[in-house]
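If you're wondering where the values come from, they're calculated on a predicted model, not measured in any experiment. By convention in this document, chain letters (A, B, ...) are assigned in the order of the sequence lines, proteins followed by strands, and residues within each chain are numbered from 1.
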Protein chains: 2
Amino acid sequence: MAQRSCCLIDREMPSLDTGRMRQLAALARALADETRLTLLALLVQQKEPLCVCHLVERVPVGQPTVSHHLRILRQAHLVTVERRGTWAYYQATPLARAALAALEQVLAEQVAT
Amino acid sequence: MAQRSCCLIDREMPSLDTGRMRQLAALARALADETRLTLLALLVQQKEPLCVCHLVERVPVGQPTVSHHLRILRQAHLVTVERRGTWAYYQATPLARAALAALEQVLAEQVAT
DNA sequence: CATCTGTATCGACGTTTGTCAATGCATTTC
DNA sequence: GAAATGCATTGACAAACGTCGATACAGATG
């Protein structure tokens, strides 16, 4: 038991910040749904804020579900809302643009490999 | 009903490739767990492949669970295995390095905002 | 050869998650 | 003012997910 045979040398393994890992996982979880990602992509391609009714039209789920996903995106700081009268206008944050671009880039790398 | 009042002008909304969205979501889902992300981060910091027993020591879950997560990472092309005798040596792929770096960068942007 | 060890798989369990129908509320529209 | 509309919330439900203990199996160790 003195020395395991699997790896003769001791691995240098700096400890990881679990708080940071939790944050990263939370961010990934906010992106880990097709519907949510589609909503986000729609918002990212728009310069002007978009109201919920238009989003509902573009996604194969009901309005309450869209509302639910938008809340999750909001809590992850990926979108912001501005209410004008009855309508709610959503907008992608710079964070969302970065996140989506990052995922796309990783996917491109996956294809290339 | 002729024209909705929410947005007077019609939005130009190019259709999104649902297949691509599904792929992106799958990738995000593979990253959307703290334990998995920690395993991946450990592998990314290593130059040499790492055996499972060392990974198990570094994460607060049992060996079967680590094995389960490693399978998911494998299926997402984020790690590769090489079996040598009883031992299984895991290694992060370039895709994993890109993905983790991307997430970190996005998080940094979140803090800055 | 017999035992021990490292890893993967299986079955079960509790939790989380995505979706919907129903409802509520605020504001617009007539 | 009354009806209609846009959005959020609630409660319910099924599916997906993370974890564990038990087990299987291959290869190492003695």
Original post:
Are B:R84 and B:Y89 in a cation-pi contact, defined as NZ or CZ under 6.0 Å from the six-membered ring centre and within 45° of the axis?
Top reply: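 Output yes; distance and angle both within limits.
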Original post:
Is there a donor-acceptor pair under 3.5 Å between the side chain of A:R29 and the backbone N or O of B:D33?
Top reply: no
Original post:
Does the A:R58 side chain pair with the main chain of B:M13, one donor and one acceptor, at a distance under 3.5 Å?
Top reply: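 Present.
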Take the protein atom [atom1] of [X] and the nucleotide atom [atom2] of [N], then report the distance between them rounded to whole Å.
{"X": "A:R22", "N": "C:dT16", "atom1": "CZ", "atom2": "P", "answer": "13 Å"}
{"X": "B:L39", "N": "C:dT7", "atom1": "CG", "atom2": "P", "answer": "13 Å"}
{"X": "B:Q63", "N": "C:dT9", "atom1": "CD", "atom2": "P", "answer": "11 Å"}
{"X": "A:R74", "N": "D:dA8", "atom1": "CZ", "atom2": "P", "answer": "6 Å"}
{"X": "A:L50", "N": "D:dC7", "atom1": "CG", "atom2": "C1'", "answer": "14 Å"}
{"X": "A:D33", "N": "C:dG18", "atom1": "CG", "atom2": "P", "answer": "5 Å"}
{"X": "A:L70", "N": "C:dG18", "atom1": "CG", "atom2": "P", "answer": "13 Å"}
{"X": "B:H54", "N": "C:dT7", "atom1": "NE2", "atom2": "C1'", "answer": "15 Å"}

Subject >> Pairwise side-chain contact, B:V52 with B:Y90, heavy-atom cut-off 4.5 Å (strictly under) >> reply: yes
Of the nucleotides [options], which one has an atom closest to the side chain of [X]?
{"X": "A:V52", "options": "D:dT9, D:dC7, C:dT9", "value": "D:dC7"}
{"X": "B:R29", "options": "D:dA28, D:dC17, D:dA22", "value": "D:dC17"}
{"X": "A:H68", "options": "D:dC7, D:dT9, C:dT19", "value": "C:dT19"}
{"X": "A:A88", "options": "D:dG18, D:dG21, D:dC7", "value": "D:dC7"}
{"X": "A:C51", "options": "D:dC7, D:dG21, C:dT7", "value": "D:dC7"}
{"X": "A:T86", "options": "C:dC20, C:dT28, D:dG18", "value": "C:dT28"}

Original post:
What is the distance from atom CG of A:L103 to atom CZ of B:R20, rounded to the nearest 0.5 Å?
Top reply: 10.5 Å
May I ask you to evaluate whether [X] reaches the phosphate of [N], defined as a side-chain N or O under 4.0 Å from OP1 or OP2?
{"X": "A:H69", "N": "C:dT19", "value": "yes"}
{"X": "A:T65", "N": "C:dG18", "value": "no"}
{"X": "A:T35", "N": "C:dG18", "value": "no"}
{"X": "A:R83", "N": "D:dG6", "value": "no"}
{"X": "A:R36", "N": "C:dG18", "value": "yes"}

Original post:
B:Y90 near the nucleic acid: base, sugar-phosphate alone, or nothing, with a heavy-atom cut-off under 4.0 Å?
Top reply: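 Sugar-phosphate contact only.
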**OP:** Have a look at B:R84 and say if it touches a base, only the backbone sugar-phosphate, or nothing, with a 4.0 Å heavy-atom cut-off.
**Re:** nothing
Subject >> Given DNA chain D, 5'-ward residue of the pair B:G85 and A:S67, judged by closest heavy atom >> reply: A:S67
Original post:
What are the two closest heavy atoms between A:V79 and A:L70, and how far apart are they?
Top reply: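 Looks like CG2-O, 4.0 Å.
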